[in-house]
Amino acid sequence: MATALCSCGARGRRLCEPSRLAIDPGMSRRVFAALIHISYLYANRLHGYTDYVIEVNPRHVAFYQRMLGFADFGGERPCSRVGAPAVLLRLPLDHMATQIARWGGGVLADGAERSFYPYFFAREDEPGIARRLARLCGMEEAA
């Protein structure tokens, strides 16, 4: 995860970028959601980051907005690194926490929510997952 301090004018915000955020067409929603949820716990709970930022191709913007709640954070620009246009998106992790609390662990519910959040772990599972993650990272006191 790359990190940077926020220059968005919001005092006290800490940005991080989950990199290589791509989905293999054969990957299940549950596996993808578990990876994102664990990355959230690592970034927010263990390291205190407040926002995710990602740079995506314009054709992927709607997907990240609909499925995780990202919002435009910089408009479309050419990306010289990949030779294609890119859009910077931002997701406040407190929004992610709210969605996890509301929908996490609800994959078997009525299906009213169309995002990835019902595939996330249930909120009550987070403390145990965070403790195990902290232990694996040698950060027992952080969880």
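Basis for what follows: all heavy atoms, side chains included, without hydrogens, waters or symmetry-related copies.
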request  = Report the residues that fulfil side chain to side chain contact (heavy atoms under 4.5 Å, CB included) with Ala101, sequence neighbours left out, ordered by chain and then residue number.
outcome  = Arg123
ask   = Is any side-chain heavy atom of Asp94 less than 4.5 Å from a side-chain heavy atom of Thr50?
value = no
ask   = Should Phe32 and Phe120 be marked as a ring pair (Phe, Tyr, Trp, His ring centres under 6.0 Å) after you check the CA-CA gap, both sets of side-chain angles, and the distance that decides it?
value = CA-CA 9 Å; Phe32 180 73; Phe120 278 53; 8.5 Å; no
query = Roughly how far apart are Tyr40 OH and Arg45 CZ, rounded to 0.5 Å?
reply = 3.5 Å
task = For Pro85 and Pro58, work out which heavy atoms get closest and say how close.
result = O-CD, 3.4 Å
query = At what distance, to the nearest 0.5 angstrom, does CZ of Arg132 lie from CD1 of Ile129?
reply = 6.0 Å
request  = Kindly compute the distance separating OH (Tyr52) from CG (Leu15), expressed to the nearest 0.5 Å.
outcome  = 12.0 Å
inquiry  = I need the Asn44 CG to Met96 CE distance, nearest 0.5 Å.
reply    = 9.5 Å
ask   = Are the side chain of Arg102 and the backbone of Tyr117 linked by a donor-acceptor contact shorter than 3.5 Å?
value = no
Close side-chain approach of Val53 to Cys16, heavy-atom, < 4.5 Å = no
task = Hey, could you give me the CG/CG distance between Asp125 and Leu41, rounded to the nearest 0.5 Å?
result = 10.5 Å
key: Set of side-chain hydrogen bond (donor to acceptor under 3.5 Å, both in side chains) partners for Ser115, sequence neighbours left out   = Glu113
request  = Name all residues meeting the side-chain hydrogen bond (donor to acceptor under 3.5 Å, both in side chains) criterion together with His95; count only those two or more places apart in sequence or in a different chain, and write none if there are none.
outcome  = none
ask   = Side-chain donor-acceptor pair under 3.5 Å between Ser28 and Tyr119, yes or no?
value = no
query = Any side-chain heavy atom of Leu91 within less than 4.5 Å of one from Asp51?
reply = no
message = Strictly by salt bridge (charged side-chain N to carboxylate O under 4.0 Å, His left out), give each pair with a member in residues 55-64 just once, sequence neighbours left out.
response = Glu55-Arg81
query = When you measure from the side chain of Asp72 to the backbone N and O of Gly75, does any donor-acceptor pair fall under 3.5 Å?
reply = yes
query = Pairs in or reaching into residues 28-44: which pass salt bridge (charged side-chain N to carboxylate O under 4.0 Å, His left out), with residues at least two apart or in two chains?
reply = none
ask   = Between Phe70 and Tyr64, what is the ring plane arrangement, given parallel below 30°, perpendicular above 60°, and tilted in between?
value = perpendicular
message = Measuring only between side-chain heavy atoms, which start at C-beta, is Leu68 closer than 4.5 Å to Gln99?
response = no
ask   = Where do Ala33 and Phe116 come nearest, in terms of heavy atoms and distance?
value = CB-O, 4.0 Å
ask   = Heavy atoms, side chains only, cut-off 4.5 Å: are Leu35 and Met27 in contact?
value = yes
ask   = Which heavy atom of Ala130 sits nearest a heavy atom of Leu46, and at what distance?
value = O-CD1, 4.1 Å
remark   = Sequence neighbours excluded, the answer for side-chain hydrogen bond (donor to acceptor under 3.5 Å, both in side chains) partners of His37 is Glu126
query = Less than 4.5 Å apart, any side-chain heavy atom of Val56 and any of Leu89?
reply = yes
inquiry  = Working to the nearest 0.5 angstrom, can you tell me the gap between His60 NE2 and Ile54 CD1?
reply    = 10.5 Å
query = Is there a side-chain hydrogen bond (donor to acceptor under 3.5 Å, both in side chains) between Tyr49 and Arg13 once you walk through the steps?
reply = CA-CA 7 Å; Tyr49 290 101; Arg13 306 301 294 185; over 6 Å; no
task = State whether the number of non-hydrogen atoms from other residues, nucleotides or ligands found under 6.0 Å of Arg77 atom CZ is greater than 12.
result = no
